[in-house]
Undergrad: 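Here's a structure for you.
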Amino acid sequence: MNLDIKLRKVIQEAVLTLFNQSVEQLQLQPTNIEFEGSHTLVCFPLTRISKLKPEETGLAIGNYLVEHSGIVARFNVVKGFLNLVISDSVWMQVFESIYADPSYGITSPTGKEIMVEYSSPNTNKPLHLGHLRNNFLGYSVAEIYKALGHTVHKVQIINDRGIHICKSMAAWKLFGNGETPESSGLKGDKLVGKYYVEFDRNYKAQCKQLEEQGVSKEEAEKQAPIMKLAVQMLQQWEQKDTETLKLWSTMNGWVYAGFDSTYKRMGVDFEKLYYESTTYLLGKDEVLRGVEQGVFFKKEDGSVWVDLTADGLDQKVLLRSDGTSVYMTQDIGTAILRFRDFPKIEGQVYTVGNEQEYHFKVLFLILGKLGYEWAKKCYHLSYGMVDLPTGKMKSREGTVVDADDLMDEMVEEAEKQTRELGKIEDSTEQEIRDLSEMIGLGALKFFLLKVDPKKRMLFDPSESIQLQGHTGPFIQYTHARIKSILRKADSLNIQPDVASLKNVTSLEPAEREVIFKINQYSTKLQEAAREYSPAVVANFAYELAKEYNQFYQAIPIFNEADHAKLKFRIAFSQVAADTIKKAMRLLGIQVPEKM
RNA sequence: GGUCUCAUAGCUCAAUUGGAUAGAGCAGCUGCCUUCUAAGCAGCAGGUUGCUGGUUCGACUCCAGCUGGGAUCACCA
């Protein structure tokens with residue numbers, strides 16, 4: 001049984017015995033470093049029950065625990081805080097149970113299913129820094145839920161339809177001269193992105209020219225020939241014009257090939273892809289059904305609305321007067337379709353930036369009004385924007401940080417530092433490149449995941465590329481370091497086993513700290529899932545690595561004369577490395593054997 | 001303007017969800033490689049938690065107001 005749970009139980013027992021009353025909630029927290037002990041009971045809330053001063057309450061409980069618990073060796077009371085010292089034999093038991101359990105931290109299947117949506121880019125531009133945060137977050141949240149025994153379906157919706165892709169198509173048709181990814185050597189998404197920029201450039205020039213001829217701004221924006229072409233192509237697309245459809249699917253195909261290689265490098269994956277072009281009509285029936293049921297209403301011009309003023313929001317349009325769908329309509333259809341495809345899922349997690357908070361509030365309310373119980377189990381994993389030192393990323397100002405370029409830079413920097421440190425002399429060129437890839441991506445992922453998803457964050461390229469300190473590579477390094485010890489132990493034929501652990505009766509403070517951290521793993525995992533926050537896992541991995549390094553620096557392992565203790569330290573290092581690896585895996589970060 | 005949200009060391013982030021003297025990293029300064037990997041460890045310095053009130057044994061955390069950022073409120077996606 002988990003130590004914290006055990007401790008809570010005996011404290012509850014103490015309170016019941018001493019004060020003749022039961023308590024549900026106990027405030028148990030880690031002890032501050034300046035006091036002796038590992039667990040601290042906050043006594044203030046208990047004074048109502050004990051009818052004693054906080055100090056006296058702590059003293060009474062402390063004495064009881066030392067005498068009856070078999071867990072607590074001694075204690076001290078500072079103000080209203082009862083600091084408990086857990087006996088080393090108990091710490092050893094905790095360690096032993098983790099060590100002996102090969103599936104520690106892996107929960108058996110719960111039978112619960114959820115869906116996680118992430119990425120969901122438009123198909124007119126390459127992926128950028130914002131998508132990286134999105135992808136790493138969504139992927140990691142999915143992995144965290146999997147680790148807790150849930151079945152998770154990773155999906156995305158691809159916005160392959162609409163005026164944005166038609167803009168790229170229009171520009172390509174006018175200026176492309178048949179250019180392809182093959183002919184240009186450009187990645188497909190980059191090529192299509194290039195024509196999107198080309199569209200914008202020409203569109204602006206045409207607008208300006210028209211305005212100089214005396215046309216009003218609004219009129220110019222409509223009349224610009226290139227825009228007229230894009231709009232015309234959208235209409236032709238909707239009329240299923242063969243030639244337009246062909247170009248559309250060709251260019252989208254280029255984009256998907258480009259995205260695929262980027263996703264592969266990022267290490268993210270999807271079980272199923274939803275395409276807007278195939279789902280955009282599905283919401284319409286549901287909306288019309290809603291009109292019949294009276295949850296929506298129709299205006300005189302034929303447009304359909306939902307009234308959310310009772311929920312503190314306003315009225316939203318669901319179908320245009322010409323009967324066509326809006327974005328919201330599509331999302332209604334897609335959500336319902338997903339629950340049909342995966343009938344066992346309890347809910348959905350939408351990994352989408354916080355600028356769409358209002359949209360999802362409305363979406364979930366509407367799904368609830370349509371009578372879908374699962375609407376309550378839908379969650380918008382809303383994350384903050386990634387800012388640059390210069391402010392927001394603006395495509396028109398060319399300040400967008402491209403995902404592929406950024407990964408290249410990070411890996412390049414990792415390789416540079418790896419070679420400078422010169423620890424890899426016996427490695428092949430290929431091994432150095434693989435290692436650099438692992439470190440560069442580890443740095444990037446950790447950087448984006450260590451921050452609370454809800455908060456907007458700053459990406460300063462010069463600082464973000466750091467590989468020391470509170471970073472992924474620091475943790476990767478700690479893992480590699482431990483592996484080096486394990487290799488040495490193996491070569492010395494030191495084989496740790498459960499039996500020899502029984503002969504270890506005392507622990508060094510640094511060892512206790514590491515066991516304490518490792519013991520927190522499952523609690524942290526649950527917290528991360530509850531909060532939809534990989535940052536909890538990231539910071540746990542960092543703290544564990546930090547604690548281990550302190551142990552590593554303080555205690556030379558192989559100098560130990562006591563053979564049982566030596567074996568324990570090898571076992572202990574093994575568990576630390578495994579836990580680091582497991583935690584990092586949930587972030588999508590690999591750890592090396594050597595670095 | 002309405003609604004939502006954020007503000008913590010010079011910079012980037014934490015703070016066990018109301019608990020002790022608010023912690024890390026980077027940047028700066030000082031030590032530690034003849035011993036298991038110095039991408040490390042130890043230490044110094046750095047704070048009126050945006051401001052003003054309130055709630056209570058206790059507030060970075062909750063409430064109100066103010067200041068300053070950001071988002072959102074389209075028959076756009």
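Every chain is numbered from 1 and lettered A, B, ... according to where its sequence line falls, protein lines coming before strand lines.
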Undergrad: I'd like to check the side-chain hydrogen bond (donor to acceptor under 3.5 Å, both in side chains) partners of A/W237; sequence neighbours left out, ordered by chain and number.
TA: none

Undergrad: Check every strand shown and say whether A/T47 touches a base, only sugar-phosphate, or nothing at a heavy-atom separation below 4.0 Å.
TA: nothing

Undergrad: Among residues two or more places apart or on two chains, list those pairs meeting ring pair (Phe, Tyr, Trp, His ring centres under 6.0 Å) that have a residue in residues 452-471 of chain A.
TA: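 Of all non-adjacent pairs touching residues 452-471 of chain A, those that pass ring pair (Phe, Tyr, Trp, His ring centres under 6.0 Å) are A/F446-A/H470, A/F447-A/F459, A/H470-A/Y542.
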
Undergrad: Show me the pairs that pass side-chain hydrogen bond (donor to acceptor under 3.5 Å, both in side chains) and involve residues 438-457 of chain A, at least two apart or across chains.
TA: A/D387-A/R456

Undergrad: Could you work out which one of B/rC26, B/rC76, B/rG25 sits closest to the side chain of A/K546?
TA: B/rG25

Undergrad: Would you mind telling me which residue lines up with the more 5' stretch of RNA chain B, A/D314 or A/Y552, judged by nearest nucleotide?
TA: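 Here A/Y552 is the residue nearer the 5' end.
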
Undergrad: Between atom NZ in A/K125 and atom C1' in B/rA77, what is the gap in whole Å?
TA: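 Nearest whole value for this atom pair: 11 Å.
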
Undergrad: Does A/R487 have any side chain to side chain contact (heavy atoms under 4.5 Å, CB included) partners at least two apart in sequence or in another chain, and if so, which?
TA: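 Here the qualifying residues are A/K483, A/S484, A/E593, A/K594.
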
Undergrad: Distance check, C1' atoms only: B/rG50 and B/rG58, in whole angstrom units.
TA: 23 Å

Undergrad: Would you kindly give the CG-to-P distance between A/L308 and B/rU72, to the nearest whole Å?
TA: 19 Å

Undergrad: With sequence neighbours left out, write down each residue that passes salt bridge (charged side-chain N to carboxylate O under 4.0 Å, His left out) with A/E560, or none if nothing qualifies.
TA: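 A/E560 satisfies salt bridge (charged side-chain N to carboxylate O under 4.0 Å, His left out) with A/R569 once adjacent residues are dropped.
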
Undergrad: By side-chain hydrogen bond (donor to acceptor under 3.5 Å, both in side chains), which residues pair with A/S491, not counting sequence neighbours?
TA: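 Here no residue qualifies.
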
Undergrad: Does A/R419 pair with A/E415 as a salt bridge, N-O distance under 4.0 Å?
TA: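 Salt bridge between A/R419 and A/E415, a charged N being under 4.0 Å from a carboxylate O: yes.
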
Undergrad: Measuring from the side chain of A/A480 (C-beta onward, heavy atoms only), which nucleotide among B/rC36, B/rA20, B/rU37 has the closest atom?
TA: B/rU37

Undergrad: Under the side chain to side chain contact (heavy atoms under 4.5 Å, CB included) test, which residues partner A/N124, sequence neighbours left out?
TA: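 By the side chain to side chain contact (heavy atoms under 4.5 Å, CB included) rule, A/N124 matches A/N122, A/H164, A/S168, A/Y196.
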
Undergrad: Residues two or more places apart in sequence or in another chain: which of them pass salt bridge (charged side-chain N to carboxylate O under 4.0 Å, His left out) with A/K204?
TA: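 For A/K204 the salt bridge (charged side-chain N to carboxylate O under 4.0 Å, His left out) partners, ignoring immediate neighbours, are A/D200.
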
Undergrad: Might you list the N or O atoms of the protein lying below 3.5 Å from N or O atoms in nucleotides 31-35 of chain B, with each pair's distance?
TA:
none

Undergrad: Please pick, from B/rA20, B/rG25, B/rC57, the nucleotide with the shortest atom-to-atom distance to any side-chain atom of A/F44.
TA: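 Per side-chain heavy atoms of A/F44, the pick is B/rC57.
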
Undergrad: To the side chain of A/Y542, which of B/rA20, B/rC36, B/rG25 is closest?
TA: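 Nucleotide nearest to A/Y542's side chain: B/rG25.
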
Undergrad: Defining pairs by Watson-Crick or G-U wobble geometry with both distances under 3.5 Å, how would you list the stems of RNA chain B with at least three pairs each?
TA: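 Stem list for RNA chain B: B:1-7 with B:67-73, B:10-13 with B:23-26, B:28-32 with B:40-44, B:50-54 with B:62-66.
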
Undergrad: Reading nucleotides 3-17 of chain B 5' to 3', which nucleotides get B (base under 4.0 Å from a protein heavy atom), which S (sugar-phosphate only), which -?
TA: -S--S---SSSS-BB

Undergrad: If we take the C1' atom in both B/rC6 and B/rU49, what is their distance in whole Å?
TA: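 About 14 Å, rounded to a whole number of Å.
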
Undergrad: A/H39 vs A/F516 aromatic rings, parallel, tilted or perpendicular, using cut-offs 30° and 60°?
TA: perpendicular

Undergrad: Please pick, from B/rG19, B/rU72, B/rA24, the nucleotide with the shortest atom-to-atom distance to any side-chain atom of A/E355.
TA: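 That would be B/rU72.
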
Undergrad: What about A/T31, does its side chain sit under 3.5 Å from the base of B/rA20 through a donor-acceptor pair?
TA: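 Answer is no: no donor-acceptor pair is held.
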
Undergrad: Excluding sequence neighbours, so at least two apart, what forms side-chain hydrogen bond (donor to acceptor under 3.5 Å, both in side chains) with A/H128?
TA: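 With sequence neighbours excluded, A/H128 shows a side-chain hydrogen bond (donor to acceptor under 3.5 Å, both in side chains) to no residue whatsoever.
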
Undergrad: Determine the interatomic distance between C1' on B/rC63 and the same-named atom on B/rA27; round to the nearest Å.
TA: 39 Å

Undergrad: Between A/N549 and A/K316, just flag the one whose closest nucleotide in RNA chain B comes earlier from the 5' side.
TA: A/N549

Undergrad: Please determine, for the side chain of A/N122, which listed nucleotide (B/rA20, B/rA71, B/rA77) has the closest atom?
TA: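 My answer, after comparing the listed nucleotides, is B/rA77.
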
Undergrad: Flag as yes if A/F35 stacks onto the base of B/rA20 (centroids under 5.5 Å, planes under 30°), otherwise no.
TA: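 Here A/F35 meets both the 5.5 Å and the 30° conditions.
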
Undergrad: Under 4.0 Å: is that the gap between some side-chain N or O of A/R481 and OP1 or OP2 of B/rA38?
TA: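 Answer is yes, contact under 4.0 Å.
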
Undergrad: When we call it a touch if two heavy atoms are under 4.0 Å apart, what does A/N124 touch: a base, just sugar-phosphate, or nothing?
TA: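 A/N124: no heavy atom of the nucleic acid under 4.0 Å.
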
Undergrad: Provide the distance between the two C1' atoms, one in B/rU21 and one in B/rU67, to the nearest whole Å.
TA: 30 Å

Undergrad: So which of A/F364, A/Y118, A/Y532 actually passes ring pair (Phe, Tyr, Trp, His ring centres under 6.0 Å) with A/Y350?
TA: A/F364

Undergrad: Between B/rA77, B/rG70, B/rU37, which nucleotide has the shortest distance from any of its atoms to the side chain of A/Y477?
TA: B/rU37

